[in-house]
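Can you read through this structure? Questions will come right after.
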Amino acid sequence: MLDPRILRENIDQISDNLKKRGFTLDKDSFLLVDKNRKDIIAETENLKNKKNEISKEIGILKSKNSDVNNLVKKVEVINDELEYKHTELASAEVEFKNFLLSIPNVLDDLVPTGKSESNNKIIKYSNDENLEKSTNDNYRDHSDIGKSLNLYNQEIAAKISSSRFSLLFGNLARLHRALGSFMINEHINNHGYTEVNVPLIVNSESLLGTGQLPKFKDDLFEIKNKENFFLIPTAEVPLTNIFRDVILSEDELPIHYTALSYCFRSEAGSYGKDTKGLIRQHQFEKVELVNAVNPNHSEESLEALVGHAEKILELLNLPYRKVLLCSGDTGFSSSITYDLEVWMPSQHAYREISSCSNFKDFQSRRLNVKYKDKASKKKKYIHTLNGSGLAVGRTLAAIIENYQNNDGEVEIPEILRPYMNNIKFIKNNL
RNA sequence: GGAGAGUUGGCAGAGUGGUCGAAUGCGGCGGUCUUGAAAACCGUUGAGCCGAAAGGUUCCGGGGGUUCGAAUCCCUCACUCUCCGCCA
């Protein structure tokens with residue numbers, strides 16, 4: 001949510017900025033809604049003021065046993081007016097709030113202008129810049145490998161639940177679990193994060209705070225027999241909402257939380273996309289990193305955060321590239337986003353495996369999270385950032401593909417072997 | 001699921017229809033004293049919204065109601081605690 005005051009005063013500038021996303025801000029409507037709300041507030045408050053004064057007088061007169069009938073009648077008239085104003089105000093407030101909630105975040109100056117993925121700016125390649133030019137087409141798809149190892153099955157998962165679910169068996173299941181543990185251990189041991197175990201079901205207030213609601217309800221799983229229950233699409237939601245309605249002291253910042261959790265996404269609108277394998281599932285595991293920081297430090301925090309995610313890819317020795325998303329590709333709540341994309345040899349393409357964003361004060365305003373600034377002694381909104389560190393299922397897929405050998409076996413990255421009884425290869429049925 | 005008790009400012013805790021946004025204590029901040037600190041003493045100390053400001057308005061778990069007037073009475077929901085039942 002943008003600051004209505006800032007929006008009011010810089011409406012042209014902000015409107016131009018949002019245009020880069022392809023978002024058209026209806027300036028006149030906003031100014032109208034804004035003014036309407038203010039006018040009604042002023043009128044209502046005047047009436048209340050009158051009412052309060054007369055009521056007070058009634059109290060004083062009554063204690064002196066004087067006649068108060070006249071005054072009581074006056075208040076009754078005011079009350080009638082107020083009742084009308086009250087409903088008028090309520091709808092004006094809703095209109096105002098909904099308008100604000102529907103506006104995406106203002107983009108950082110660094111964000112390149114562009115419509116789609118193809119305009120994203122590649123910042124760096126991890127090692128080999130020429131992977132895309134290579135002509136080795138002998139790499140098999142991770143689901144094929146998994147199937148032929150008899151350790152991956154999509155059909156049975158579809159029988160049990162539906163499409164977009166998977167079953168992992170044996171050492172593949174174990175490798176998946178190892179990955180989650182390895183990642184979160186790295187963050188808590190070496191990157192200064194506190195591990196948090198979070199609820200997987202959240203209420204709509206939390207989703208509103210992080211920006212999934214009201215606009216993206218279709219992407220969520222809602223629980224039917226219980227009002228106001230949703231499965232989390234990412235641990236960002238519970239992790240960030242820890243701070244909702246909290247005033248932190250400046251000394252507490254920055255706070256670094258991480259969680260390994262399941263994520264649930266309806267994937268509405270992606271029919272036919274990535275139907276094979278582990279890339280796009282209704283249920284997947286992800287290690288999430290959330291930072292709550294002093295606004296003065298949010299830029300370097302984003303760099304650090306991306307570094308934390310990158311470190312995982314480096315330790316796993318997976319080829320990747322770092323990409324700065326262009327204006328059209330940057331998410332609703334984000335001001336600036338870097339994606340990490342891992343090399344998937346069977347697809348001959350880089351695929352998103354982590355997305356790291358700086359939301360600045362967009363979320364904290366929705367969530368009402370402030371810190372007490374020592375210098376000014378004022379309460380200010382904090383900045384929030386988050387990133388995946390990393391998506392576990394996709395990482396598993398990347399490992400299977402990048403570590404496959406000619407015998408159809410999968411080598412286990414060295415750093416994961418301690419989690420796997422120090423075996424070196426995943427073999428058929430094992 | 002049943003029965004009971006509760007939810008007041010950063011915390012503790014008073015307040016049961018009228019100058020109550022709310023006593024008091026602790027904590028925080030500022031000061032006096034001190035070489036410095038502690039103690040003591042004095043002062044100060046919630047937030048949102050509207051407003052250039054003066055000021056106004058709202059908030060005592062959420063929502064609704066009674067009343068000229070509600071922290072205080074009524075209804076309802078949520079949460080917490082105790083006891084019973086069920087349960088990984």
Side-chain angles (χ1 to χ4, degrees), chain A residues 1-10 30-101 197-209 213 223 225-230 238 241-253 255 262 361 363-382:
Chain A
M1 190 166 71
L2 303 180
D3 184 342
R5 187 160 294 152
I6 292 174
L7 179 57
R8 198 178 295 143
E9 286 163 11
N10 306 281
F30 174 73
L31 295 174
L32 201 73
V33 166
D34 186 47
K35 181 164 188 312
N36 182 244
R37 167 175 173 270
K38 281 198 211 177
D39 289 348
I40 298 174
I41 288 177
E43 291 162 22
T44 307
E45 291 192 350
N46 277 335
L47 286 171
K48 280 186 182 165
N49 179 232
K50 268 190 217 162
K51 171 185 167 174
N52 287 345
E53 277 175 7
I54 299 175
S55 293
K56 209 174 247 181
E57 208 179 322
I58 291 173
I60 294 165
L61 288 176
K62 264 204 168 171
S63 67
K64 294 178 187 159
N65 279 322
S66 305
D67 178 50
V68 293
N69 273 346
N70 245 346
L71 292 177
V72 169
K73 271 180 196 153
K74 268 192 186 175
V75 176
E76 278 168 357
V77 172
I78 293 174
N79 274 341
D80 285 346
E81 280 182 72
L82 265 177
E83 199 171 329
Y84 173 69
K85 283 283 164 209
H86 186 72
T87 50
E88 217 182 5
L89 179 61
S91 67
E93 290 279 13
V94 168
E95 204 181 357
F96 176 73
K97 187 108 198 231
N98 284 345
F99 202 112
L100 278 177
L101 286 175
N197 190 283
V198 298
L200 304 182
I201 297 175
V202 295
N203 56 37
S204 58
E205 288 77 12
S206 294
L207 291 158
L208 198 73
L213 287 180
I223 290 174
N225 66 347
K226 174 89 181 168
E227 199 67 24
N228 203 17
F229 265 27
F230 298 84
N241 274 279
I242 291 172
F243 304 113
R244 174 147 54 94
D245 293 321
V246 167
I247 296 170
L248 299 154
S249 77
E250 194 175 337
D251 299 333
E252 288 176 85
L253 300 174
I255 298 172
Y262 276 101
D361 61 0
Q363 284 183 332
S364 66
R365 185 167 282 112
R366 283 173 169 243
L367 291 159
N368 190 28
V369 198
K370 298 181 182 174
Y371 75 101
K372 198 152 192 177
D373 185 65
K374 275 188 176 168
S376 66
K377 292 192 176 170
K378 295 228 162 130
K379 289 172 180 109
K380 297 183 177 175
Y381 288 107
I382 65 161

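Below, chains carry the letters A, B, ... as their sequence lines are ordered, and counting in each starts from 1. Note that this is a predicted model, so its numbers are computed, not measured.
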Checklist entry - What does A/K370 touch in the nucleic acid at a heavy-atom separation under 4.0 angstrom: a base, only the sugar-phosphate, or nothing? => result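 Here A/K370 touches the backbone only, sparing every base.
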Next on the checklist: Just to be sure I understand the geometry, which residues of residues 41-57 of chain A put a non-hydrogen atom under 4.0 Å away from RNA chain B?
Outcome noted: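 By residue number: A/I41, A/E45, A/K48, A/N49, A/K51, A/N52, A/S55.
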Item to check | C1' atoms of B/U8 and B/C60, separation to the nearest Å | outcome: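 Looking at atom C1' only, B/U8 and B/C60 are 4 Å apart.
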Checklist entry - Does A/D251 have any side chain to side chain contact (heavy atoms under 4.5 Å, CB included) partners at least two apart in sequence or in another chain, and if so, which? => result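 Here the qualifying residues are A/S249, A/K374.
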Item to check | Pairing residues for A/N49 by the side chain to side chain donor-acceptor pair (under 3.5 Å) criterion, not counting sequence neighbours | outcome: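 Per chain and number, A/N49 pairs via side chain to side chain donor-acceptor pair (under 3.5 Å) with no residue.
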Checklist entry - Partners of A/K35 by side chain to side chain donor-acceptor pair (under 3.5 Å), sequence neighbours excluded? => result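 Only A/D39 meet the side chain to side chain donor-acceptor pair (under 3.5 Å) criterion with A/K35.
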Item to check | Leading and trailing nucleotides of RNA chain B with any atom under 4.0 Å from heavy atoms of chain A | outcome: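 Nucleotide range in contact with chain A: B/G18 to B/G69.
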Next on the checklist: Taking the P atom in each of B/G25 and B/U45, what is the distance between them to the nearest angstrom?
Outcome noted: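 Straight-line distance between the two P atoms is 15 Å.
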Item to check | Results of side chain to side chain contact (heavy atoms under 4.5 Å, CB included) for A/I242 - residues two or more places apart only | outcome: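 By the side chain to side chain contact (heavy atoms under 4.5 Å, CB included) rule, A/I242 matches A/V196, A/L239, A/Y257.
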Item to check | Atom P, compared across B/A70 and B/C20: separation rounded to whole Å | outcome: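 Taking atom P in both B/A70 and B/C20, they lie 15 Å apart.
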Item to check | Comparing A/L71 and A/F96 on RNA chain B - which has the more 5′ nearest nucleotide | outcome: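 By nearest-heavy-atom nucleotide position, the 5'-most residue is A/F96.
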Next on the checklist: Restricting to side chain to side chain donor-acceptor pair (under 3.5 Å), what partner residues turn up for A/E95, sequence neighbours left out?
Outcome noted: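 For A/E95 there are no side chain to side chain donor-acceptor pair (under 3.5 Å) partners, ignoring immediate neighbours.
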Item to check | Under 3.5 Å on both distances, the Watson-Crick or G-U partner of B/U72 | outcome: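 Partner of B/U72: none found under 3.5 Å.
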Checklist entry - Can you tell me how far P in B/A37 sits from the matching atom in B/G28, rounded to whole Å? => result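 After rounding to an integer number of Å, I get 15 Å for this pair.
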Checklist entry - Considering only the C1' atoms, how many Å lie between B/U82 and B/G63, rounded to the nearest integer? => result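 These two C1' atoms come out 28 Å apart once rounded.
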Next on the checklist: At 4.0 Å (heavy atoms only), tell me whether A/K74 reaches a base, stays on the sugar-phosphate, or touches nothing.
Outcome noted: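 Counting heavy atoms under 4.0 Å across all strands, no contact is made by A/K74.
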Next on the checklist: Less than 3.5 Å apart, any donor N or O on the side chain of A/N228 or A/N203 sitting next to an acceptor on the other?
Outcome noted: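 Result is no, nothing qualifies.
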Item to check | Distance between C1' atoms of B/A40 and B/G51 (Å, rounded) | outcome: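 Roughly 44 Å separates the two C1' atoms.
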N/O donor to acceptor pairs below 3.5 angstrom from side-chain atoms of residues 72-83 of chain A, sequence neighbours left out:
unit_1	atom_1	unit_2	atom_2	d
A/N79	OD1	A/K51	NZ	3.2

Item to check | Any strand: nucleotide that pairs with B/C60 via Watson-Crick or wobble, under 3.5 Å | outcome: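 Here B/C60 is not engaged in any pair, so there is no nucleotide opposite it.
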Next on the checklist: Taking side chain to side chain donor-acceptor pair (under 3.5 Å) as the definition, give me every residue that meets it alongside A/N36, ordered by chain and number, with sequence neighbours left out.
Outcome noted: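 With sequence neighbours excluded, A/N36 shows a side chain to side chain donor-acceptor pair (under 3.5 Å) to no residue whatsoever.
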Next on the checklist: Could you tell me how far B/C59 sits from B/U44 if I compare only their P atoms? Round to whole Å.
Outcome noted: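 The answer is 27 Å between these two P atoms.
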